[in-house]
Amino acid sequence: LVCALEGPDARVAGQGFAMLREAGIVVELGAGADAAREQNAGYLHHRRHHRPRVWLKLAQSLDGRIATRTGASRWITSETSRRHAHRWRSWMDMVAVGAGTVVADDPALTVRHVRGPDPRALVVSARVSCGPEAQLFSRTGTVLATGRHDAAKTDAFSAQGADVWSFETQDDQIDLQQLVHKAGEEGITSLLIE
């Protein structure tokens, strides 16, 4: 048996290879290891650190801005860049945006310019400053990450099918390390922040 990597999951810890060797099967590790590490970066990171590997996708203009003076931010990139961003989405378990993006753009956060699965959507809004009518809240698996509120403030999101993750806040901010830890607990191995 030729295998690129030994799995980092502590629950199995090489037990399968040991069983094969005991049965007289030669096990060789390492062929293609670098490519396997790159291809499985999210999974490997999750198993070692119990949280997803986080990527950031950011578009900016030559003057270092992410929007024009008027606040317009749509399409400061090229068609090639957008296709590449959608390819990244197709590789991720989850893609995250803030409530401001939901209010300004009503994004779908789906994969459109390439083939691939849609990631789960995550909206970070400590104060619930966006509405449940946004298109992504009707998608299965969408998550609203918010502060601790009376259920009446988040019931409409749950009614749309969204999961609500509640966190303690400080100065109306969610501790992003807690958010990433929660995503890891939920089995999210890769998270793209847009």
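If you're wondering where the values come from, they're calculated on a predicted model, not measured in any experiment.
W165 and A183 get closest at one heavy-atom pair: CH2-CA, 3.8 Å. In plain terms, the two heavy atoms of S129 and A99 that are nearest each other are OG-CB, 3.4 Å. Heavy-atom minimum distance, L5 versus A36: CD1-CB, 3.8 Å. For the residue pair I188 and D93, the shortest heavy atom distance occurs at C-OD2, 3.6 Å.
At most 12 non-hydrogen atoms from other residues, nucleotides or ligands lie less than 6.0 angstrom from CZ of R127. When the shell of 6.0 Å around CD of E79 is examined, it contains more than 12 heavy atoms from other residues, nucleotides or ligands. Applying the 6.0 Å contact sphere to CD of Q177 captures no more than 12 heavy atoms from other residues, nucleotides or ligands.
Residue I174 holds its CD1 atom at 12.5 Å from NZ of K182, rounded to the nearest 0.5 Å. In this structure, CZ on R53 lies 15.5 Å from OH on Y43, to the nearest 0.5 angstrom. Residue I25 holds its CD1 atom at 11.0 Å from CD of E22, rounded to the nearest 0.5 Å. Taken from CD in Q39 to CG in L44, the straight-line distance is 10.0 Å, to the nearest 0.5 Å. H86 NE2 to L109 CG: the interatomic distance, rounded to the nearest 0.5 Å, is 9.0 Å. In this structure, CG on L122 lies 6.5 Å from CG on L191, to the nearest 0.5 angstrom.
You'll find the side chain of S90 reaches within 4.5 Å of the side chain of V111, heavy atoms only. Under the 4.5 Å side-chain criterion, counting only non-hydrogen atoms from C-beta, F157 is in contact with V128. Considering only heavy atoms from C-beta on, V54 stays 4.5 Å or farther from H45 through its side chain. Between R148 and T169 there is no side-chain heavy-atom pair separated by less than 4.5 Å. At a threshold of 4.5 Å between non-hydrogen side-chain atoms, the residues V123 and V143 do not count as touching. Residues L144 and S125 form a side-chain contact, since some pair of their non-hydrogen atoms from C-beta on lies under 4.5 Å apart. Looking at S190 and W91, their side chains never come closer than 4.5 Å, going by heavy atoms from C-beta outward. For the pair V124/V97, no side-chain contact is recorded, criterion being any heavy-atom separation below 4.5 Å from C-beta on.
Grouping the Ile, Leu, Val, Met, Phe, Trp and Tyr side chains by contacts below 4.5 angstrom, directly or via other members, places L58 apart from V95. Under the 4.5 Å side-chain heavy-atom criterion for ILVMFWY residues, a single connected hydrophobic cluster contains both L136 and W88. Residues V26 and M19 fall into different hydrophobic clusters, defined by Ile, Leu, Val, Met, Phe, Trp and Tyr side chains chained together at heavy-atom separations under 4.5 Å.
Counting only distance, with no hydrogens or angles, the side chain of R120 and the backbone of M94 share no donor-acceptor pair below 3.5 Å. Looking only at distances, a side-chain donor or acceptor of Q135 sits under 3.5 Å from a matching main-chain atom of D106. Under the 3.5 Å distance criterion, the side-chain polar atoms of H113 are left unmatched by any main-chain donor or acceptor of R82. Judged purely by atom type and a 3.5 angstrom limit, D9 uses its side chain to pair as donor or acceptor with the backbone of R11. A donor-acceptor pair is defined here as one N or O able to donate and one able to accept, closer than 3.5 Å; such a pair exists between the side chain of R139 and the backbone of A108. Checked by atom type and distance alone, the side chain of H49 never pairs as donor or acceptor with a backbone atom of G184 at under 3.5 Å.
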(Q) Quick one, T146 with F167, criterion side chain to side chain contact (heavy atoms under 4.5 Å, CB included). Give me CA distance, side-chain angles, the key distance, then yes/no. (A) CA-CA 6 Å; T146 187; F167 300 91; over 6 Å; no
Q: Check the pair K57, H84 against side chain to side chain contact (heavy atoms under 4.5 Å, CB included), reporting the backbone distance first and the verdict last.
A: CA-CA 10 Å; K57 189 237 24 158; H84 185 71; over 6 Å; no
(Q) Apply side chain to side chain contact (heavy atoms under 4.5 Å, CB included) to residues T80 and R83 and explain how you reach the verdict. (A) CA-CA 5 Å; T80 301; R83 195 175 312 108; 4.2 Å; yes
Q) Can you list the steps and then say if H181 with R51 is a side chain to side chain contact (heavy atoms under 4.5 Å, CB included)? A) CA-CA 5 Å; H181 179 75; R51 62 181 186 271; 5.6 Å; no
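Between D150 and K153 there is no salt bridge, since no side-chain nitrogen of the basic residue lies less than 4.0 Å from a carboxylate oxygen of the acidic one.
With hydrogens and angles left out, the side-chain atoms of T110 and R112 include a donor and acceptor closer than 3.5 Å.
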